[in-house]
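Just so you know, ligand 1 is whichever comes first in the structure, and atom 1 is the first atom listed for that ligand. Excluded from the calculations below are hydrogen atoms, water molecules and symmetry mates; all remaining heavy atoms, backbone and side chain alike, are included. Small disclaimer: the values here were computed from a predicted structure and weren't measured.
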Amino acid sequence: MPRRIHTYIQRQIRKRGKLLFALLDAENITNPRDTITTVERCDVDAFLVGGSTVYDQLQLDAFVKVAKQTTSKPVILFPGNITGISRHADAIFFSSLLNSEDPYYIVGAQAIGALSIQRYKLEALPMGYLVIGQGATAGFIGRARPFPTDKPELVAMYALAAQYLGMKYLYLEAGSGATETIPPQVVQAVKRRYSGTVIVGGGITLPKTAHDLAVAGADIIVIGNLLERPDFVPTLKHISASLRIRES
Ligand code: 1GP
């Protein structure tokens, strides 16, 4: 199975240092073509499509199809459940919510979804998913036992376990719309132990926050909620510019 999207992401990281992914919730974006065209102009590296409460797979499918017709950037699924799979996507973050108390979100949904992924020949990007702090909807739906934000080493322990389990990506999730983003200290602690690609999201709406998280070691910053505001373009452009740094 070719690893086209994994290769693209790693090449982009080598080239640009830090990446910006736009997360679109198919159920909240009323005009996908316009939104995707506008977001692409803000210098994002890929689109994620998903959310914790996606219930209408047909709607998701139609949305991903439009996304593929509209952008030349990769369209990657970010599912919260088996309803988050579409055959039109380029790849899927095949994730396990490692700090869930419910085995369904650790491996149950994945086992059911795996057959569709194989049938659709979707590229699976193995990802550990950790809910930290508030957790918002992702934490509630996924029955997470969120990490306290002041215990970076606890998160780092799980990050290292994810690495040894073969997960090449690790998503540190504060929850969509969280008022407290992932603390940079947590990202730093994770980076000291985990050698894969670190993705950070949840509540990021300010360029400074994105910048600080990137400096702390995040490889990819995910912006979701902000894109549902009518006036998001200047802020997204600033966020994109704030990531043009290189770690020393
Ligand atoms: C949510 O981490 C993502 O799963 C993005 O969060 O919607 O708050 O940007 P926001």
Quiz item: Between Glu173 and ligand 1, does any nitrogen or oxygen pair lie at a separation below 3.5 Å?
Solution: yes
Quiz item: Sub-3.5 Å donor-acceptor pair from the side chain of His211 to the main-chain atoms of Pro207, do we have one?
Solution: no
Practice problem: Please could you name the atoms of ligand 1 that Gly201 approaches to less than 4.0 Å, counting only its heavy atoms? | Solution: 2 (O)
Self-check item: Proximal ligand 1 atoms for Gly203, defined as those under 4.0 Å from one of its heavy atoms
Solution: 6 (O), 8 (O), 10 (P)
Exercise. Look at the rings of Tyr171 and Tyr129 and say which category their plane angle falls in: under 30° parallel, 30 to 60° tilted, over 60° perpendicular.
Key: perpendicular
Quiz item: With a 3.5 Å cut-off and no angle check, do the side chains of Thr35 and Glu228 form a donor-acceptor pair?
Solution: no
Quiz prompt | Ligand-residue contact atoms, ligand 1 with Phe78, heavy atoms, under 4.0 Å | solution = 4 (O)
Quiz item: Should you measure from each heavy atom of Tyr171, which atoms of ligand 1 turn up under 4.0 Å away?
Solution: 2 (O), 3 (C)
Quiz item: N/O of Leu226 under 3.5 Å from N/O of ligand 1, yes or no?
Solution: no
Quiz item: Any chance the side chains of Asp61 and Ser86 put a donor and an acceptor closer than 3.5 Å?
Solution: yes
Quiz prompt | Ala178 N/O to ligand 1 N/O under 3.5 Å | solution = no
Quiz item: Is it the side chain, the backbone, both or neither of Leu23 that has a heavy atom closer than 4.0 Å to ligand 1?
Solution: side chain
Practice problem: Would you mind listing every ring-ring contact (aromatic ring centres under 6.0 Å, His included) that reaches into residues 2-29, with sequence neighbours excluded? | Solution: His6-Tyr169
Exercise. Starting at NZ of Lys68, measure out to NZ of Lys73 and round the result to the nearest 0.5 Å.
Key: 12.0 Å
Quiz prompt | atom 9 (O) of ligand 1 [closest protein heavy-atom partner, distance rounded to 0.1 Å] | solution = Gly224 N, 2.7 Å
Self-check item: Identified side chain to side chain donor-acceptor pair (under 3.5 Å) partner of Asp34 from the options Thr38, Thr30, Asn31
Solution: Asn31
Quiz prompt | Donor-acceptor contact present, side-chain Gln110 to main-chain Ile106, <3.5 Å | solution = yes
Quiz prompt | Short N or O distance, Ile223 and ligand 1, threshold 3.5 Å exclusive | solution = no
Quiz item: Is there a heavy atom in Gly202 that sits closer than 4.0 Å to ligand 1?
Solution: yes
